[in-house]
Amino acid sequence: MGSESNQKDTAVSEYDPQALQAKWQQRWEEQDPFRASEDAADPRERRYMLDMFPYPSGDLHMGHGEVFAIGDVVARYWFQQGYNVLHPIGWDSFGLPAENAAIKRNAHPAEWTYANIDVQANSFKRYAISFDWSRRLHTSDPEYYRWNQWLFNRFFERGLAYRKGGLVNWCPNDQTVLANEQVVAGKCERCGAEVVRRELTQWYFKITDYAQRLLDDMSQLEGGWPERVLTMQRNWIGRSEGADVVFEIEGREEPVHVFTTRPDTLFGATFFVVAVDAALADEIVTDEHRAEFEAYRAEVAKLSDIERLSTDKDKSGVFLGRYAINPVNGERIPVWAADYVLADYGHGAIMAVPAHDQRDLDFALKFGLPVQVVVHTGLADPGETGEATPGEGTLVNSGPLDGLTKAEAIATIIRSLETDGRGKGAINFRLRDWLLSRQRFWGTPIPIIHCPDCGEVPVPDDQLPVTLPDLRGEALAPKGISPLAGATEWVNVACPKCGGAAKRDTDTMDTFVDSAWYFLRYTDPNYTDGPFDVEKIREWGPIDMYVGGVEHAVLHLLYSRFFVKVLHDMGMVGFTEPFMRQLGQGQVINGGKAMSKSLGNGVDLGKQIDDFGVDAVRLTMLFASPPEDDIDWADVSPQASQKYLARAFRVMDEVASAPGGDFAQGDLALRKVTHKTIDEVTKLIESYRFNVAIARLMELTSAARKAIDSGPGAGDPAVREAAESLAVMLSLVAPYTSEEGWERLGRTGSVALAGWPVADPALLVEDSVTAVVQVAGKVRDRLEVAPDISEDDLRALALASDKVRAHLSGEPRKVIVRAPKLVNIVP
RNA sequence: GCCCCCGUAGCCCAAUGGCAGAGGCAAACCCCUUAAAAGGGUUGUAGUGCGGGUUCGAAUCCCGCCGGGGGCACCA
C-alpha cells in the first residue's frame, strides 16, 4: 500500500455506527457466541455474571443503559479471559404497573407485559449485551411461578410461612399491603402515597429466624460488597443486646416481659409504658380509665405514620389505672399507654427510666412522673435540666449495683435476674418478618386452601401451579380486597385433605418472592423436577458478580440472602450467600436532578442510540465516572465518545501490514506503550475502574495514531500489535466498532472471543526513570537513572548534583532515599 | 438527632504517603482546505472546601469546622 494521501483517502472508510450495528447484530444472531457450556468435559473454569433483571415497564431507559453496560464489561472480560461464562437475562414480569395498564386499556396484564418484554429484548440485542439468550425466563410464566408456590409449600412445612393478624402497612393508592422494607419515610416505596396502618390477617415469611445469620454471614461479603450496602443491611437488621426483664402487673396472672438495653438502670424505672395499639393495653386498662384510653387510641389511629413517627412530636399517652412491680425493689410503678412505644418491637412494652433515656424523660416531665437518677455521670440532674444522661457513669441508688460501672452493672444485674428467674440476657432485632401477601392480581397466587374443617391446607405439589384466572380490565380495579376474590369459580374448590367445600387464598405473593431466587433457575430455566437443578447449581453457584442499583440494598438483596440460607438448610444449595461480589451502580441524572416526566428533563436511551450509536452511548456511560457514581448526562458528551470511536476505528482500519507478522520486529517505543497499556487496563478492569481503563485505551490510540502519522508508519508490526490489542480491549466497551476493526485487520472470528492480550514483562521495564531530588521538600533537580539503581548510588548521585548543592550549606541532617524515584534531603 | 461517603482546573474525573494532572469536555491557537465541516496537532489555567496536627514529605493519615449526597431515625 502506498503512502500517498489520496490513495489513503479512498481506502479509509467512513465510520458509520448504524451500519455496523445492522451488520454485526445479524452476525451475532447467527453465531450465538455467548452461550454458556454445560458440558462436564469443558475444562474452562466457570464464572457466573448476573445483572439485576429488569421490570418490563416499557423500553429500556438510561438507567438500564448504564447497569447493563457495566455488567457487560465484566462478562466480556471473562469471555476474553477464557472462562465458561454464564451471563443470563430474564424479566421480573409480575407487578402492579401491568395491572394498572390493563385496567386502563380493558385488557389482560399479560398483553402489556409480554409486549414490553419483546421491546426490551430487541433493545438488549441492539445494545449488544453478551447474554446467553437460551436461558431467558419470565417470572409471570406459570412454569416459573409454579416454583414460587412449591417453595412456599416448603417454607410452610418448615414453619417459615405463617399467617397472623396485626397492624400492617397499607398503601391507599395501590390498595394493597406493603412489607416494612417497602415503606420509605412513611410513604409507599413504589407510588409515594402516605401509608396507613390497618388491622389485617396476612401471610409472612419468618425472616426473623435468620436475623443473626443474615448478620453473621456478612463476614463472607466484606470486601466483595460495597461497604455502604453492608452498613444499610446491618442497620436494617438492627441487632441490640440487652435483657428481658419480667414485671408483675397487679391484678394480672401472667407477668409481662420487657426488653431493655439498659438493665443496669432497672432501679431507676419509675413507670411502665405499653404500646397503645398492643393487645396488652386493651386488656389491662381499668374500667375507670377505659373511656379515656379508647379515645386516645382512636386519636392515634387517625394519625398517619409520618405524623406518628415524627421525632419532634410531643409525647402523648394515658394512664391505664394499673401498677407494675419493679422486680428488683418491689416498687409499684404506674402503667401508661403511649404511642412512642411500638407494638411490634420487643414485647410492645417498656420499663421507663426517665433519668437516662430522653424519650422517657420527655414523657415523665409532661405527665409529672418521678425522675430517679441511678447512674452518676457528673452531669446535672435530668429532672432539672430536661436532658437525660444516657452515658457512662457509676451506679447509685441501686442497692447491690452501687459503685459499679455501667458494663459491670449490666453483667451483674443480668446474672442476678437469671438466678431469680426474673429475667435474662436477650438480643432483639429491628428486622420484622416479611409480609408477603398482596391484595393484587398480577402475581403468584398463594397456594393455600382455607377449609372450615382442616384450616390452612397447602395445594399439593402435584397440583401446582395454581394458575391465575382470566381476569381483565375492570375486574382488576382495586377494591381493597384481592381481585381474585371476585373469581368465584376459581375461589371455590374442594379441600385437598377432606374433600369438603373450601376456598382458595385470594392474595398473591409480593413480587420480591419472584426475584429472591430467580438467579438459581437460570442454570436450567426449563427444569421440571424442581425450582432448579441442584446439580447445576453446584456447578455454577454462587454468583461471582452481581451488578445492579443500590436502591435494592435492603429489599431484594436481603430477601435473596434469606432464601438462599433456607435453601441451604433444605440441602438444595451448597453455599450460604448467593452473591460473592456486588457492584452497585449510580443513577443517570440530568442537569443535577433525577430524570422525570414532571421535570421534563428525561433523556431517551433509544434516541441517544439513534443519534450517536450503541458503542458511543456505552462508552459515555462507562467513561463518565466510576461505576458507583451518578452520571449527570448534562456533563458528558456522547458526541465526543463517537469521535473517539471513529479515531480508534481509523487506527485499526489503516494498519498496512498483513496479519500474523512478527511483532518483535516492530517499533520498540510503541510496543512498550502497548504492553504497558495491556498491563494497566487489565488491572483496572479487575478493580472495576472502567473510566480509567478507557482513558488508557485513548492514550494507546493516540500513540498508534502518532506512530502511523509521524513514526514508523502504518506498515510497522508494532502498529498492528497496538491496533489488535486495542480492538480486543475496546471490545468490552464498544463491541461493534471492535468487530469491524478486527475484520478490517484481516482477523477472522468474533473479536469478543479473540482472547485477552497478555503483557510481555520484558516490555514493561523502563530503560531509565526520572529520579526527583528534593531539598526540604522542594524539587531541585531531576536525574535520569537506571530503574534498578541502588539506594546508595542514588544518594551519592543526588548529593553530587550541583543544583542540589546550591541549596545546601554544610552536611545535610537527613537524606531519605526511595529508589529509583525520589531523594529528599533535609538540610 | 446519630452513622457513613464525597469536596482536585470553568465542567466530568486521575493521582491512596513521594514531581498535583493520566484521560475527556469546554476554551484558545496552529496545520490541512478556495472555504467550511471532518481530520491532525499545540496550549494554558488548579496547589487539592477551610483551619489545625502527625511526617523528611500530606490531595492521600488524624482532629475540628463548612458545603454536598446517602442511610437510620420514638427500635427501648
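Below, all heavy atoms of this structure are taken into account, side chains as well, without hydrogens, waters or symmetry copies.
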Separation of the [atom1] atoms in [N] and [M], to the nearest angstrom:
{"N": "B:U43", "M": "B:G7", "atom1": "P", "answer": "29 Å"}
{"N": "B:C25", "M": "B:G68", "atom1": "C1'", "answer": "23 Å"}
{"N": "B:C50", "M": "B:G67", "atom1": "P", "answer": "15 Å"}
{"N": "B:U48", "M": "B:G1", "atom1": "C1'", "answer": "32 Å"}

What's [X] touching, base or sugar-phosphate or nothing? Going by heavy atoms closer than 4.0 Å.
{"X": "A:Val636", "result": "nothing"}
{"X": "A:Arg432", "result": "base"}
{"X": "A:Gln639", "result": "nothing"}
{"X": "A:Thr231", "result": "nothing"}
{"X": "A:Arg696", "result": "base"}

Find the partner of B:G67: check Watson-Crick (N1-N3 plus N6-O4 or O6-N4) and G-U wobble (N1-O2, O6-N3) distances, both under 3.5 Å, and reply none if neither fits.
->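 Partner of B:G67: B:C6.
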
Syn or anti for B:G47, please, going by whether the chi angle lies within 90° of 0.
->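 B:G47: syn glycosidic orientation.
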
Any N/O donor-acceptor pair, [X] side-chain to [N] base, under 3.5 Å:
{"X": "A:Lys315", "N": "B:C74", "value": "yes"}
{"X": "A:Arg818", "N": "B:G18", "value": "yes"}
{"X": "A:Asn824", "N": "B:C56", "value": "yes"}

Can a side chain N or O of A:Arg650 be found less than 4.0 Å away from OP1 or OP2 on B:A38?
->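 Looking at the OP1 and OP2 atoms of B:A38, neither is under 4.0 Å from any side-chain N or O of A:Arg650.
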
Side-chain N or O of A:Ser240 less than 4.0 angstrom from OP1 or OP2 on B:A76?
->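 Affirmative; the distance criterion is met.
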
Could you tell me whether A:Lys315 sits above the aromatic face of A:Tyr340, with NZ or CZ closer than 6.0 angstrom to the six-membered ring centre and within 45 degrees of the axis?
->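 Flagged: A:Lys315 positioned over aromatic ring of A:Tyr340.
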
